[in-house]
Amino acid sequence: MIELLWVDGTWAPRGGSPASEALRHALDPRKVKFTYVPYPADFGPATGMGDLSYEESKAIGAAALDRAVEASPHLVAVGGYSQGAGVAVQYAREILPKRPRHQVLAVATMGDPHNPVHDGRSGIAGALHVPRPRLTVYAPGDPIADLPLGSPLRRVADLTAWMSVRSPEAARAWAFKTAERVGAARPWWNPFRWPDFARAGEDIRNYLGTAHSTDYDGGPAKRLARMIEGVA
């Protein structure tokens with residue numbers, strides 16, 4: 001028996017999104033105990049005028065995941081969906097290396113903005129390595145986890161990471177942090193990947209449709225469940 005400590009996506013601070021619930025129901029409870037880890041799940045004014053920025057929300061989530069791993073009596077896997085996947089990746093990269101007692105077997109993600117590179121595509125916020133086995137699934141065409149490497153939509157991740165207007169201080173932080181990130185990032189245009197530009201409209205439609213939501217309910221969630229059970 002292992003415990004899967006799971007962080008859900010934006011708008012689901014205590015869990016319950018269709019994608020995460022599909023995973024929960026697909027897991028064998030004799031092998032995996034599924035536990036949601038609460039966190040703000042904010043995305044600046046996109047979720048509410050007084051809400052935290054995406055990066056602030058993720059940092060709080062990573063700290064909550066740290067406490068949950070510490071408190072678990074089981075060997076654990078950590079993971080999440082969408083913003084929650086970003087939380088799990090942040091915990092694994094920034095906190096786990098400082099916690100030699102944490103018995104983390106794997107990092108499991110769906111709709112991961114840091115999805116590894118695959119077939120000229122990756123997560124919208126850029127592929128990131130984690131220091132544990134990575135168990136990852138994505139719905140084909142989901143622009144959060146399956147975006148062409150040369151897509152101009154990658155700038156969206158840079159521009160919105162610190163987005164918040166809950167106070168003048170938060171708005172200033174958004175401006176300064178965005179300037180730092182955009183200044184350090186690779187330019188979004190790439191003259192050798194013009195087809196990636198041409199399909200940006202389709203990627204936006206996919207996000208507004210089902211590619212980042214209910215498309216995970218069937219095959220992707222079941223595949224990830226089998227992967228997680230494989231490390232139990």
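Starting from 1, each residue takes its place in the sequence as its number. Model, not experiment: these values are computed from the prediction.
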Exercise for the section: Go through the steps for Arg99 and Val69 under the test side-chain contact (heavy atoms from CB on, under 4.5 Å), then give the verdict. Expected result: CA-CA 10 Å; Arg99 303 286 191 267; Val69 173; over 6 Å; no
Validation row: [X], [Y] side chains within 4.5 angstrom (heavy atoms):
X	Y	value
Asn115	Asp146	no
Leu4	Leu23	yes
His114	Val130	no
Tyr138	Asp112	no
Glu70	Arg101	yes

So how far is it from [X] [atom1] to [Y] [atom2], rounded to the nearest 0.5 Å?
X	Y	atom1	atom2	answer
Leu147	Asp142	CG	CG	9.0 Å
Met110	Asp215	CE	CG	12.0 Å
His74	Thr35	NE2	OG1	7.5 Å
Gln90	Glu55	CD	CD	6.5 Å
Phe43	Ser57	CZ	OG	9.5 Å
Ser17	Tyr36	OG	OH	5.5 Å

Any idea which heavy atoms bring [X] and [Y] closest together, and the distance?
X	Y	result
Glu3	Ser72	OE1-OG, 2.5 Å
Leu149	Ser122	CD2-OG, 3.4 Å
Ile95	Ala62	CD1-O, 3.6 Å
Ala127	Pro116	CB-CA, 3.8 Å

Problem - Step-by-step salt bridge (Lys or Arg N to Asp or Glu O under 4.0 Å) determination, Arg24 to Glu21 - result: CA-CA 5 Å; Arg24 183 172 71 86; Glu21 284 294 283; 2.7 Å; yes
Practice task
Check the hydrophobic clustering (I, L, V, M, F, W, Y; side-chain heavy atoms under 4.5 Å; chains of links allowed) and say if Met227 and Val32 are grouped together.
Solution key: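 Both belong to a single hydrophobic cluster.
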Problem - Single hit among Asp28, Leu27, Leu105 for side-chain contact (heavy atoms from CB on, under 4.5 Å) with Ile228 - result: Leu27
Handout entry: Carboxylate-amine/guanidinium proximity below 4.0 Å for Arg226 and Glu229
Key =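 Yes.
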Practice task
Compute the ring centroids of Phe34 and His25, then answer whether they are less than 6.0 Å apart.
Solution key: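 Not close enough - the centres of the two rings lie 6.0 Å or further apart.
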